[in-house]
Colleague: 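A single structure is presented below for examination.
Chain identifiers are assigned alphabetically (A, B, ...) following the order of the sequence lines, protein sequences preceding nucleic acid strands; residue numbering begins at 1 within each chain.
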There are 2 protein chains.
Amino acid sequence: MSPRNAVETKARLLAAARDVIRAKGYSATTVDDICAGAGVTKGGFFHHFAGKEQLGIAAAEHFDDMAAAIFAAAAYRGLPDPRDRVLGYVDFRAAMFAGEIPQYTCLLGTMVQEVYDTHPAIAAACDRAMSNHVRELARDIAAAKEKYAADAAWSPDSLGYHMQAVLQGAFILAKAKHDPTVAKESLAHLRRYIESLFPVPPLSREQNTHPG
Amino acid sequence: MSPRNAVETKARLLAAARDVIRAKGYSATTVDDICAGAGVTKGGFFHHFAGKEQLGIAAAEHFDDMAAAIFAAAAYRGLPDPRDRVLGYVDFRAAMFAGEIPQYTCLLGTMVQEVYDTHPAIAAACDRAMSNHVRELARDIAAAKEKYAADAAWSPDSLGYHMQAVLQGAFILAKAKHDPTVAKESLAHLRRYIESLFPVPPLSREQNTHPG
DNA sequence: AATTACATACCAACTAGTCGGTATATTTGA
DNA sequence: TCAAATATACCGACTAGTTGGTATGTAATT
């Protein structure tokens with residue numbers, strides 16, 4: 001809360017944008033909403049951002065950075081087998097479905113749904129952020145595929161995007177029902193699918209848990 | 001375009017709402033937008049709807065009715081085997097990913113994403129419409145499950161919702177990329193999953209295509 | 001004649017963005 | 001070292017335009 005700290009004020013504005021937009025959507029959130037959430041006046045807002053659209057772009061990039069940090073630090077990332085890391089990602093996301101809806105839903109999907117046609121610059125920022133996330137995920141997917149399903153026809157990227165699709169759709173279900181139960185069941189289906197894509201050889205399971 | 005036809009005017013307003021909201025989102029579409037799309041003035045709009053929120057609710061119900069008619073008339077509905085009908089549904093939806101984005105995306109998912117917290121009545125209408133759709137779908141799923149995977153742990157409803165989740169997520173991917181390619185690949189993953197859920201006995205396939 | 005189905009004109013509230021001003025840092029100059 | 005000068009960070013009132021909604025009028029239908 002220290003005043004006259006530009007980086008911190010900007011961070012508060014971005015955090016407020018992240019929370020308010022996830023709760024009300026991009027179009028319905030006013031810059032006054034964000035100012036109130038950040039404890040800044042309009043003058044301060046427009047000192048840091050050229051306009052509402054610029055804030056949307058910056059919020060998408062900020063969200064990507066935050067997400068990257070969270071997933072990089074998650075425990076499942078330390079698992080030796082890439083198959084376990086991919087499944088661990090799904091479990092990690094499933095465990096997030098708790099508390100208030102705006103806290104676990106995705107700013108990128110919420111924004112791009114509304115503005116894909118009216119604000120192409122925001123849509124492009126959301127695409128970049130989502131693709132960054134998929135790229136990280138696809139590294140583990142590619143490693144697991146090489147180990148357990150080298151000849152399969154699908155690409156690691158397509159599975160990474162499919163996982164994002166299930167997540168985004170699960171968020172919509174949770175919003176429609178004001179309840180994450182059905183959304184979590186959808187993630188359970190996704191997990192079962194991924195398990196089936198990477199069949200574990202019954203006898204050599206112990207050996208396969210070794211890295212490499 | 002015949003004037004003084006109340007039902008047709010209301011239908012034009014609902015059609016305009018369906019198209020404009022899918023293109024711009026609920027919050028960003030003004031009632032003037034809808035009036036312009038329907039060729040009606042504001043007085044006419046407020047004669048038919050008590051307010052913008054009432055229109056949103058009616059649009060959700062209208063969308064459900066329209067979708068029900070489309071899927072009831074689709075060719076795959078005539079297939080004798082329920083497994084083929086479930087897979088036929090996925091193929092039917094995949095084939096829809098063509099043309100302009102607002103023409104194949106889902107009004108319900110678009111709206112509920114924005115208004116789940118600010119307009120609970122609209123969110124409830126979207127939930128009802130989506131659940132109606134899933135209920136129809138789950139009838140075929142239940143029949144296929146009884147025939148091919150009677151002992152499986154998942155419920156027909158949960159798979160129906162999972163299929164909707166993949167579709168809703170695929171729409172978001174298509175919007176982010178302004179391209180349906182990745183979205184269609186996600187549906188291909190969904191199809192592969194459903195195939196694996198209903199394993200066809202290798203020798204008795206001919207017999208199994210008989211109804212009953 | 002009465003009701004329905006619209007059109008037109010209008011309003012109060014709200015919205016993104018502007019603008020002049022002020023308080024705090026930071027740099028400069030002696 | 002310490003002002004003076006300048007740049008940065010932020011405030012809050014204001015504006016031009018937009019928005020959902022209303023009040024009133026009028027032509028067609030019953």
Colleague: Listed in order of residue number, which residues of residues 48-62 of chain A have a non-hydrogen atom at under 4.0 Å from DNA chain C?
Modeller: Gly51(A), Lys52(A)
Colleague: Do Arg192(B) and Tyr193(A) pair up side chain to side chain, a donor and an acceptor below 3.5 Å, judged on atom types alone?
Modeller: yes
Colleague: May I ask you to verify if any side-chain N or O of His47(B) is less than 4.0 angstrom from the OP1 or OP2 atom of dA5(C)?
Modeller: yes
Colleague: Mind calculating the distance between CZ (Phe46(B)) and P (dA9(C)) to the nearest angstrom?
Modeller: 18 Å
Colleague: Show your working on ring-ring contact (aromatic ring centres under 6.0 Å, His included) between His133(B) and Tyr89(B) and close with a plain yes or no.
Modeller: CA-CA 12 Å; His133(B) 188 62; Tyr89(B) 173 85; 5.6 Å; yes
Colleague: Are Arg128(B) and Asp64(B) ion-paired here, with the side-chain N under 4.0 Å from a carboxylate O?
Modeller: no
Colleague: Are any non-hydrogen side-chain atoms of Leu187(B) and Arg191(B) less than 4.5 angstrom apart?
Modeller: no
Colleague: Under 4.0 Å from OP1 or OP2 of dC6(C): is there any side-chain N or O of Thr9(B) that close?
Modeller: yes
Colleague: Under a 4.0 Å N-O cut-off, is there an ion pair linking Asp140(A) with Arg77(A)?
Modeller: yes
Colleague: NZ of Lys42(B) versus C1' of dA9(C): gap in Å, rounded?
Modeller: 11 Å
Colleague: Could you check how far CG of Asp32(B) sits from P of dG21(D), rounded to whole Å?
Modeller: 12 Å
Colleague: Taking all heavy atoms of Ala38(A) and all of Leu13(A), pick out the closest pair and write down the distance.
Modeller: CB-CD2, 3.6 Å
Colleague: Which label fits His178(B) and Tyr116(A): parallel for a plane angle under 30°, tilted from 30 to 60°, or perpendicular past 60°?
Modeller: tilted
Colleague: Tell me which of Gly43(A) and Asp33(A) sits closer to the 5' end of DNA chain C, going by the nucleotide each one is nearest to.
Modeller: Asp33(A)
Colleague: When we call it a touch if two heavy atoms are under 4.0 Å apart, what does Thr30(A) touch: a base, just sugar-phosphate, or nothing?
Modeller: sugar-phosphate
Colleague: Rounded to whole angstrom units, what separation is found between the CG atom of Asn5(B) and the P atom of dT30(D)?
Modeller: 10 Å
Colleague: What are the atom names and distances for every N/O pair under 3.5 Å that joins the protein to nucleotides 21-23 of chain C?
Modeller:
residue : atom : partner : partner atom : Å
dA23(C) : N3   : Arg4(A) : NH1          : 3.3

Colleague: Under 4.0 Å between any heavy atoms, over every strand shown, what does Ser27(A) touch: base, sugar-phosphate, or nothing? Just pick one.
Modeller: nothing
Colleague: For the pair Lys52(A) (side chain) and Tyr26(A) (backbone), establish whether a donor and an acceptor sit closer than 3.5 Å, ignoring hydrogens and angles.
Modeller: yes
Colleague: Measure CZ/Phe45(A) against C1'/dG12(D) and give the value in whole Å, please.
Modeller: 16 Å
Colleague: Any side-chain donor paired with an acceptor under 3.5 Å for Asp32(A) and Thr30(A)?
Modeller: no
Colleague: Can you figure out which of dG20(D), dA9(D), dA16(C) approaches the side chain of Val31(B) most closely?
Modeller: dG20(D)
